[in-house]
Novice: 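Would you mind keeping the following structure in view while I ask a few things?
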Amino acid sequence: MAHLYLSALRFDFRCPTLQRLVEQLAQTARQPLDCYTRALYAFALLGQSRPEGLAVMDEVLSEAEEHPKTLHVLLHGLWLGQNLDQGAERLLALSSRPALAADSDPIVLFRVAGALRRLGRYDEGLGAIDRAIDCLPPGDVSVHADLVRERSLICAARDLQQYLSTIRTSSGVPS
């Protein structure tokens, strides 16, 4: 039951509440928290852009092996967090693990596309998001809007970068 409730908080992006509940569970538990619950804790910290979430994530990864649900939780936290040390690079490394099947999982591809956008690798990001859209069954609207929104963000970031580059070039300012 705890996993269900904590997962609901994850999908509602209620990171501070999720963090507090896991900390309370850890204080009252008779044994160490399971790997999935600790992954949810890492998600809560990462989702708040707290760097200590990276250390928790690394601890979970050393134990999680290739458990897809646990890896998805960590991937989700890296995607949500901002300005984490090597956050986008860590997301790409995590997405390459065999259990995540990045070539056929639209959610993994969605998160990869966001990481590539953050890194300024817009053409690769567009390729990833287009593959994600193509992975969806016809008529599946469950995440289609999120994928289309990410595609728009990548295009807007690329266009802005090109525009700024053009302004710098025309004004004689080195890029």
Side-chain angles (χ1 to χ4, degrees), residues 7-16 18-19 39-40 42-58 61 68-175:
S7 292
L9 292 173
R10 169 187 161 212
F11 287 113
D12 284 344
F13 298 107
R14 297 195 38 207
C15 296
L18 177 55
Q19 176 190 346
L40 288 165
F43 166 83
L45 295 172
L46 295 168
Q48 296 175 81
S49 303
R50 296 186 49 189
E52 59 267 29
L54 295 170
V56 176
M57 179 187 79
D58 289 340
L61 284 173
K69 289 184 189 280
T70 301
L71 298 177
H72 267 283
V73 169
L74 298 173
L75 196 68
H76 193 186
L78 284 171
W79 171 82
L80 185 58
Q82 298 294 310
N83 301 318
L84 295 166
D85 183 39
Q86 301 287 306
E89 294 86 351
R90 288 173 185 253
L91 190 150
L92 293 175
L94 183 56
S95 71
S96 69
R97 291 180 74 141
L100 291 177
D103 289 341
S104 61
D105 185 326
I107 301 302
V108 174
L109 288 165
F110 166 67
R111 304 215 192 286
V112 164
L116 292 168
R117 174 177 44 81
R118 289 180 188 177
L119 294 171
R121 294 165 51 185
Y122 307 118
D123 291 338
E124 291 174 79
L126 286 172
I129 205 67
D130 288 343
R131 283 192 313 279
I133 291 169
D134 200 44
C135 286
L136 294 176
D140 183 350
V141 295
S142 60
V143 294
H144 189 268
D146 292 330
L147 299 179
V148 171
R149 188 171 22 263
E150 180 60 41
R151 191 175 202 295
S152 295
L153 286 170
I154 294 169
C155 289
R158 182 197 58 201
D159 293 349
L160 179 61
Q161 183 65 37
Q162 289 172 348
Y163 174 74
L164 292 174
S165 180
T166 302
I167 289 175
R168 286 185 192 112
T169 302
S170 65
S171 67
V173 175
S175 347

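Everything numeric here is computed off the predicted structure, so don't read it as measured data. Quick note: numbers below take in every heavy atom, side chains included, and nothing from hydrogens, waters or symmetry partners.
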Novice: Give a yes or no on whether R14 atom CZ has more than 12 heavy-atom contacts from other residues, nucleotides or ligands under 6.0 Å away.
Specialist: no
Novice: Got a second to check how far L40's CG is from T70's OG1, nearest 0.5 Å?
Specialist: 8.0 Å
Novice: Quick check: closest heavy atoms across L75 and L94, and the distance to 0.1 Å?
Specialist: N-CD2, 3.5 Å
Novice: Are the side chains of R111 and I107 in touch, meaning some heavy atoms are under 4.5 Å apart?
Specialist: yes
Novice: Are R131 and V112 side-chain neighbours, meaning at least one heavy-atom pair lies under 4.5 Å?
Specialist: no
Novice: Mind checking the CG-SG spacing from D140 to C135? Nearest 0.5 Å is all I need.
Specialist: 11.0 Å
Novice: Between P68 and A99, which heavy-atom pair has the shortest distance, and what is it?
Specialist: CB-O, 4.0 Å
Novice: Quick check for you: to the nearest 0.5 Å, what is the distance between F43 atom CZ and Q48 atom CD?
Specialist: 9.5 Å
Novice: Return yes when atom CG of N83 has more than 12 non-hydrogen atoms of other residues, nucleotides or ligands closer than 6.0 Å, and no otherwise.
Specialist: no
Novice: Of all heavy-atom pairs between A42 and V56, which one has the smallest distance, and what is that distance?
Specialist: CB-CG1, 3.6 Å
Novice: Got D105 and L100 here, is their nearest side-chain heavy-atom distance under 4.5 Å?
Specialist: no
Novice: Just by modelled atom types, is the W79 backbone N or O under 3.5 Å from a matching donor or acceptor in the R118 side chain?
Specialist: yes
Novice: Distance check, rounded to the nearest 0.5 Å: Q86 atom CD versus L54 atom CG?
Specialist: 10.0 Å
Novice: What's the spacing between L164 CG and T169 OG1 if we round to 0.5 Å?
Specialist: 10.5 Å
Novice: Which heavy atom in A88 sits nearest to a heavy atom in L119, and how many Å separate them?
Specialist: CB-CG, 3.7 Å
Novice: Indicate yes or no for a side-chain donor-acceptor contact from S95 to the backbone of V108 under 3.5 Å, with no hydrogens or angles considered.
Specialist: no
Novice: State the CG-OG distance between D12 and S7, to the nearest 0.5 angstrom.
Specialist: 11.0 Å
Novice: Walk me through it: do L136 and H144 pass the test side-chain contact (heavy atoms from CB on, under 4.5 Å)?
Specialist: CA-CA 8 Å; L136 294 176; H144 189 268; 4.1 Å; yes
Novice: Of the non-hydrogen atoms in R10 and H72, which two are nearest, and what is the gap between them?
Specialist: NH2-O, 3.7 Å
Novice: Side chains of L71 and R97: does their closest heavy-atom pair fall under 4.5 Å?
Specialist: yes
Novice: Which of these, I129, L109, I133, sits in a side-chain contact (heavy atoms from CB on, under 4.5 Å) with E150?
Specialist: I129
Novice: Taking the side chain from T166 and the backbone from Q162, do they hold a donor-acceptor pair closer than 3.5 Å?
Specialist: yes
Novice: Do D146 and R149 meet the salt-bridge criterion of a basic N to acidic O distance under 4.0 Å?
Specialist: yes
Novice: Of all the heavy-atom pairs spanning L91 and A115, show the shortest one and how long it is.
Specialist: CD2-CB, 3.7 Å
Novice: Side chains of L80 and L46, heavy atoms from C-beta outward: is any pair under 4.5 Å?
Specialist: no
Novice: Is the backbone of L147 close enough, under 3.5 Å, to the side chain of R151 for a donor and an acceptor to pair up by distance?
Specialist: no
Novice: Quick check on the 6.0 Å ring-centre criterion: do F110 and H76 meet it?
Specialist: no
